[in-house]
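Just so we're clear, the structure is a prediction, and the values are computed from it rather than from any experiment. What's counted below: heavy atoms across the whole structure, side chains too, no hydrogens, waters or symmetry copies. Counting convention: from 1, in listed order, for ligands and their atoms alike.
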Amino acid sequence: MANSDGTCAAVAHVYRGTFVHSTQQTPLEILEDALLGVDAQGKIAFLAEGKDLEKLAQLFGFSPSAVDQLKQHEFFMPGMVDTHIHAAQYSYCGTALDMPLLQWLDTYTFPVESRFKDLKFAKNVYTHVVKRTLRNGTTTACYFATIHTDASLLLGKIANEFGQRALVGKVCMDRNDAVEHYKEHFDESHEETCRFIKELLNKKYPLVKPVVTPRFAPSCTEALLSRLGAIAKNNNLHIQSHISENIEEVQLVKALFPESKSYTDVYHKNNLLTDKTVMAHGCHLTDEELDLFRETGASVSHCPNSNFSLCSGILNVSNVLKHKVKLGLGTDVAGGYSASMLDAVRRALDASKVLNIQNPKNKALTFEEVFRLATLGGSQALSLDNQTGNFEVGKDFDALRVNVAAPDGPIDLIQNEGPKALLEKFLNLGDDRNIVEVFVAGKKVVPLPTAE
Ligand code: GUN
Ligand code: FE
């Protein structure tokens with residue numbers, strides 16, 4: 001915003017160096033020797049060429065000597081968006097991957113999730129998952145918690161304290177025969193969802209929002225699905241759930257909801273498909289169902305590690321994109337064994353290559369396309385792309401400062417590489433040692449506070 005004398009509001013920080021990000025037009029835009037200014041609210045004030053330093057310094061009232069110059073082998077990329085992660089399941093992440101979905105839920109997941117009545121246990125797990133994901137470059141996470149309202153509120157508090165942008169969902173389920181007590185009565189689910197939303201919104205955390213979370217159709221009566229659809233509609237809230245993850249589950253939904261045309265129709269009929277809805281997996285959706293996603297603006301969270309680990313299926317990402325359905329990547333901890341979005345990037349590439357091996361007509365995704373899915377695509381899938389996802393002026397500065405040649409890091413740079421190869425190496429070989437700083441809404445959140 002220009003002042004009356006033609007200058008602009010002063011910026012708080014200015015960075016100079018290589019910036020890589022995605023736009024609607026191109027999956028990878030590389031800006032070398034660029035200047036990016038962040039204002040006092042953490043928003044991107046300008047993104048310009050380095051040669052314009054003097055002009056920008058006058059216009060935005062900063063001293064050229066205060067510019068933070070990136071080192072050789074460093075670049076900035078947008079923070080990554082994990083569109084689907086179960087914070088509560090982080091406690092057993094990396095184990096229990098020997099069963100298909102429905103048995104896996106009954107055997108491992110529900111018993112563990114039922115422990116989150118204990119707020120001490122919840123605090124320990126939730127603190128670990130927020131710290132781990134932030135360190136690995138997840139600046140925005142769309143979390144499932146458990147059915148417990150107070151523990152879910154605690155997850156929101158912890159995300160806020162560490163400065164992560166988050167959608168937090170108290171899980172709703174009024175059907176479950178596997179684990180005693182790990183389900184709610186219909187009225188309870190409704191009342192506790194309202195309490196969760198009200199209490200979380202009352203906290204006024206700037207970056208944490210509630211998301212209406214029916215676990216998935218088989219865990220909910222139609223009455224509950226319908227009530228949750230109404231709550232989301234009346235309060236203009238985000239919605240998340242699971243859909244068409246494995247074949248047995250699709251058949252179960254057919255048996256439980258015989259009057260519905262399809263799995264997608266079950267959610268649609270109950271007002272759960274909106275442009276603020278993200279549905280995990282969708283491996284077995286039909287083209288007709290994908291059309292319904294596009295018409296309603298609902299998005300798909302692609303969770304390839306989970307799909308491989310639980311032998312659920314392989315999502316054809318290109319087909320989803322061909323239907324103009326929004327798509328982001330998710331870790332789906334703990335069905336997916338890694339909490340790192342870099343792993344989601346690699347597994348997404350693997351999945352598309354498996355489809356290509358099966359049928360060469362399936363063109364494999366490029367690393368640039370998957371980079372876009374992990375950043376801008378995720379922000380679109382969560383309908384947060386007016387705030388995050390790339391370095392467009394006016395968005396919040398959610399960014400990773402990456403040093404590809406971090407000392408004692410996982411990458412050996414043998415020859416001089418250009419920025420495109422540096423990004424590709426980081427995506428394929430990098431880890432948290434390469435992510436030297438993380439910013440959310442302009443605030444440096446990694447390195448983590450040392451007291452923690
Ligand atoms: N479907 C319903 N609940 C879950 C869950 O916790 N994980 C996965 N992967 N799928 C689900
Ligand atoms: Fe999931």
Colleague: Please enumerate all residues that pass salt bridge (Lys or Arg N to Asp or Glu O under 4.0 Å) together with D332, with sequence neighbours excluded.
Modeller: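 Counting only residues at least two positions away or on another chain, D332 forms no salt bridge (Lys or Arg N to Asp or Glu O under 4.0 Å).
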
Colleague: By the side-chain hydrogen bond (donor to acceptor under 3.5 Å, both in side chains) test, which pairs, at least two apart or in different chains, include something from residues 349-359?
Modeller: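 Sorted result for residues 349-359: R347-D350.
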
Colleague: Would you check ligand 1 and list the protein residues that come within less than 4.0 Å of it by any heavy atom, ordered by chain and number?
Modeller: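 The 4.0 Å shell around ligand 1 contains H86, Q89, L101, W104, L105, R215, F216, H242, E245, H281, S306, D332.
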
Colleague: So, K120 and D118, do they make that salt bridge, N to O below 4.0 Å?
Modeller: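 Result for this pair is no, no salt bridge flagged.
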
Colleague: Atom CG of residue position D412 - does it have more than 12 heavy atoms of other residues, nucleotides or ligands inside 6.0 Å?
Modeller: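 Incorrect, the count does not exceed 12.
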
Colleague: Does Y182 form a side chain to side chain donor-acceptor pair (under 3.5 Å) with E113? I'd like the steps, not just the answer.
Modeller: CA-CA 8 Å; Y182 195 56; E113 288 194 10; 2.7 Å; yes

Colleague: So F144 and H84, ring pair (Phe, Tyr, Trp, His ring centres under 6.0 Å) or not? Walk me through it.
Modeller: CA-CA 8 Å; F144 272 62; H84 184 79; 5.0 Å; yes

Colleague: Y143 and Q164: side-chain donor and acceptor closer than 3.5 Å?
Modeller: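 The answer is yes; a qualifying pair exists.
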
Colleague: Between E192 and R195, is there a side-chain N and carboxylate O pair less than 4.0 Å apart?
Modeller: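 Salt bridge between E192 and R195, a charged N being under 4.0 Å from a carboxylate O: yes.
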
Colleague: What's within reach of the Fe ion (ligand 2), meaning protein N/O/S atoms under 2.8 Å?
Modeller: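 H84 NE2, H86 NE2, H242 NE2, D332 OD1, with waters left out.
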
Colleague: Among K170, R215, R175, whose salt bridge (charged side-chain N to carboxylate O under 4.0 Å, His left out) with E184 holds?
Modeller: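 Single salt bridge (charged side-chain N to carboxylate O under 4.0 Å, His left out) partner of E184 among K170, R215, R175: K170.
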
